[in-house]
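FYI, the numbering just counts along the sequence from 1.
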Amino acid sequence: MHNTDYARKKDFIDKTIESLHKIVPVIFRRKDIPKLFGECISVGNMANLGSNGPPFMRQGRHAIYERETFLLWYRTQLEKQNIQEGLEK
């Protein structure tokens, strides 16, 4: 991947995470993820990730996520899919 492609993708990911940080509540339920993330992450996929996904805790029957750790995990996923794959080509 060219440096300009890398920089463009990195900048896009940075801006995406920054925007999400402003709208995602400090604590949120798994079932709210599609609404918060524009349907690009499904509830089922999150449940299936288990320990490979972001850390969560239970509150009754709900899986609860904390914003900072979730967005850190999400950034890592975006970078793996968009930046690291480009470097391997």
Side-chain angles (χ1 to χ4, degrees):
M1 178 186 323
H2 295 94
N3 285 338
T4 56
D5 289 341
Y6 173 83
R8 184 176 49 81
K9 288 183 178 185
K10 179 95 170 73
D11 186 51
F12 182 80
I13 290 170
D14 290 343
K15 288 179 180 177
T16 298
I17 297 299
E18 182 181 325
S19 295
L20 287 168
H21 194 272
K22 295 174 185 175
I23 62 168
V24 173
V26 174
I27 295 174
F28 57 97
R29 296 176 299 183
R30 181 181 287 156
K31 74 178 198 171
D32 296 329
I33 289 174
K35 177 179 70 174
L36 294 168
F37 289 82
E39 307 269 339
C40 51
I41 305 174
S42 76
V43 173
N45 282 343
M46 291 305 300
N48 288 337
L49 286 173
S51 63
N52 293 320
F56 67 93
M57 60 185 162
R58 290 272 175 202
Q59 183 178 24
R61 62 187 181 103
H62 297 287
I64 306 293
Y65 296 93
E66 186 271 331
R67 177 180 58 207
E68 300 304 323
T69 55
F70 190 92
L71 291 178
L72 180 62
W73 171 84
Y74 190 52
R75 173 189 292 278
T76 302
Q77 298 309 302
L78 292 174
E79 289 173 349
K80 282 181 187 176
Q81 293 172 11
N82 292 285
I83 294 174
Q84 292 176 3
E85 286 178 3
L87 293 174
E88 293 170 359
K89 291 181 179 177

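Considering only residues two or more places apart in sequence or on other chains, R8 meets the side chain to side chain donor-acceptor pair (under 3.5 Å) condition with none of them.
The hydrophobic cluster containing V26 also contains M57, counting ILVMFWY residues as joined when their side-chain heavy atoms lie under 4.5 angstrom apart, directly or transitively. I27 and M46 fall into different hydrophobic clusters, where Ile, Leu, Val, Met, Phe, Trp and Tyr side chains are chained together by heavy-atom contacts under 4.5 Å. Follow the hydrophobic side-chain contacts under 4.5 Å out from L36 and you never reach V43; the two are in separate clusters. In terms of hydrophobic clustering, with Ile, Leu, Val, Met, Phe, Trp and Tyr side chains grouped at heavy-atom distances under 4.5 Å, L78 and L49 are assigned to a common cluster. At a threshold of 4.5 Å between side-chain heavy atoms, the hydrophobic network of Ile, Leu, Val, Met, Phe, Trp and Tyr places I23 and L71 in one connected group.
Note that CD of E79 and OH of Y6 are 7.0 Å apart. Values are rounded to the nearest 0.5 Å. Put simply, CD1 on I64 and CZ on F70 are 12.5 Å apart, with the number rounded to the nearest 0.5 Å. Remark: T76 OG1 to Q81 CD distance equals 11.0 Å, nearest 0.5 Å. Note: R75 CZ to K10 NZ = 5.5 Å, rounded to the nearest 0.5 Å. One distance of note links CZ of F12 with CD1 of I17; it measures 10.0 Å at 0.5 Å rounding.
For residues 28-37, the pairs satisfying side-chain hydrogen bond (donor to acceptor under 3.5 Å, both in side chains) are R29-D32, R30-Y65, with sequence neighbours left out.
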Q. Which is it for D11 and K15 under the salt bridge (charged side-chain N to carboxylate O under 4.0 Å, His left out) test, yes or no, and what are the steps along the way?
A. CA-CA 6 Å; D11 186 51; K15 288 179 180 177; 3.3 Å; yes
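Between T69 and P54, the shortest heavy-atom contact is O-CB, 4.5 Å.
Aromatic ring pairs are classed by plane angle as parallel below 30°, tilted from 30° to 60° and perpendicular above 60°; the pair F28 and F37 is tilted.
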